[in-house]
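Taking it in order: structure first as structure tokens, then the write-up.
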Amino acid sequence: MTFRLAPGVDEHVFRSLDERVQTEFVYHQPGILRRTLGRHDDGRWLALTVWADASAAAAAERAFAASSRGVEFAAAVTDVVVDRFHGVD
């Protein structure tokens with residue numbers, strides 16, 4: 001997922017929110033293998049999440065959208081693009 005911070009969202013506040021998303025939600029989901037956060041020099045962010053399979057990713061996406069952390073995260077970001085890639089190794 002790539003995104004930008006919504007107008008007025010402080011980076012430090014967002015990073016604290018993202019840490020809570022990762023520890024309180026993501027790492028409790030079945031099929032999670034890894035998640036990391038990155039930032040590009042142009043202001044875009046990347047949340048790279050690796051799942052055991054596509055069904056685990058889809059289930060987590062639905063659960064996240066309905067969760068309080070998901071609602072908070074959605075309010076803090078804009079220009080969201082979600083792409084799914086399949087492992088080749």
Side-chain angles (χ1 to χ4, degrees):
M1 170 191 334
T2 60
F3 54 89
R4 295 183 184 278
L5 298 185
V9 173
D10 177 79
E11 178 180 336
H12 293 92
V13 171
F14 171 75
R15 291 189 62 185
S16 177
L17 167 62
D18 186 74
E19 184 176 325
R20 290 190 314 274
V21 163
Q22 187 161 302
T23 60
E24 297 172 13
F25 180 83
V26 175
Y27 279 115
H28 294 274
Q29 301 307 300
I32 181 67
L33 299 177
R34 176 163 167 57
R35 181 178 185 273
T36 191
L37 183 68
R39 184 183 61 201
H40 194 279
D41 290 341
D42 69 4
R44 286 179 298 147
W45 291 76
L46 168 72
L48 177 64
T49 310
V50 181
W51 297 96
D53 55 48
S55 63
E61 185 176 9
R62 287 188 302 273
F64 188 59
S67 74
S68 61
R69 288 287 175 246
V71 171
E72 283 182 90
F73 190 91
V77 300
T78 189
D79 300 333
V80 175
V81 176
V82 176
D83 286 312
R84 294 237 172 100
F85 293 81
H86 301 278
V88 294
D89 55 1

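No experiment lies behind these values; they were computed from the predicted model shown.
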> Hey, any chance Val26 and Leu33 share a hydrophobic cluster, counting ILVMFWY side chains that come within less than 4.5 Å of each other, even indirectly?
Replying inline: no
>> Is there a path of hydrophobic side-chain contacts, each under 4.5 Å between heavy atoms of I/L/V/M/F/W/Y residues, joining Val82 to Phe64?
In response: yes
>> On a heavy-atom basis, which atom in Arg4 and which in Asp79 lie closest, and how many Å separate them?
In response: CD-OD2, 3.4 Å
>> Is the ring pair Phe14/Phe73 parallel, tilted or perpendicular, if the boundaries are 30 and 60 degrees?
In response: tilted
> For Ala75 and Ala6, which heavy atoms make the closest approach, and how far apart are they?
Replying inline: O-CB, 3.8 Å
> Which atoms form the tightest heavy-atom contact between Arg35 and Tyr27, and what is the distance?
Replying inline: N-OH, 2.9 Å
>> Counting only heavy atoms from other residues, nucleotides and ligands, does the tally under 6.0 Å from NE2 of His28 exceed 12?
In response: yes
>> Counting only heavy atoms not in Asp42 (residues, nucleotides, ligands), do more than 12 fall under 6.0 Å from its CG?
In response: yes
>> As an exercise, state the distance from CG of Asp10 to CZ of Arg15, rounded to the nearest 0.5 Å.
In response: 11.0 Å
>> With a 4.5 Å cut-off on side-chain heavy atoms, are Trp51 and Ile32 touching?
In response: yes
>> I need the Thr2 OG1 to Leu48 CG distance, nearest 0.5 Å.
In response: 11.5 Å
>> Starting from Phe3, can I reach Val50 by hopping between I/L/V/M/F/W/Y residues whose side chains sit under 4.5 Å apart?
In response: no
> Just wondering, more than 12 heavy atoms not from Glu19 lying within 6.0 Å of its CD?
Replying inline: no
> For the residue pair Phe25 and Ala60, what are the closest heavy atoms and their distance?
Replying inline: CZ-O, 3.8 Å
>> Would you compute the distance between atom CG of Asp83 and atom CE of Met1 and round it to the nearest 0.5 angstrom?
In response: 11.0 Å
>> Are Val21 and Leu17 packed together at the side-chain level, in the sense that at least one heavy-atom pair is separated by less than 4.5 angstrom?
In response: yes
>> Using every non-hydrogen atom in the two residues, find where Ala56 and Gly31 come nearest and quote the distance to one decimal.
In response: CB-CA, 4.0 Å
>> Would you say CZ of Arg20 has more than 12 non-hydrogen atoms from neighbouring residues, nucleotides or ligands within 6.0 angstrom?
In response: yes
> Shortest non-hydrogen contact from Glu11 to Leu5?
Replying inline: CA-CD1, 3.9 Å
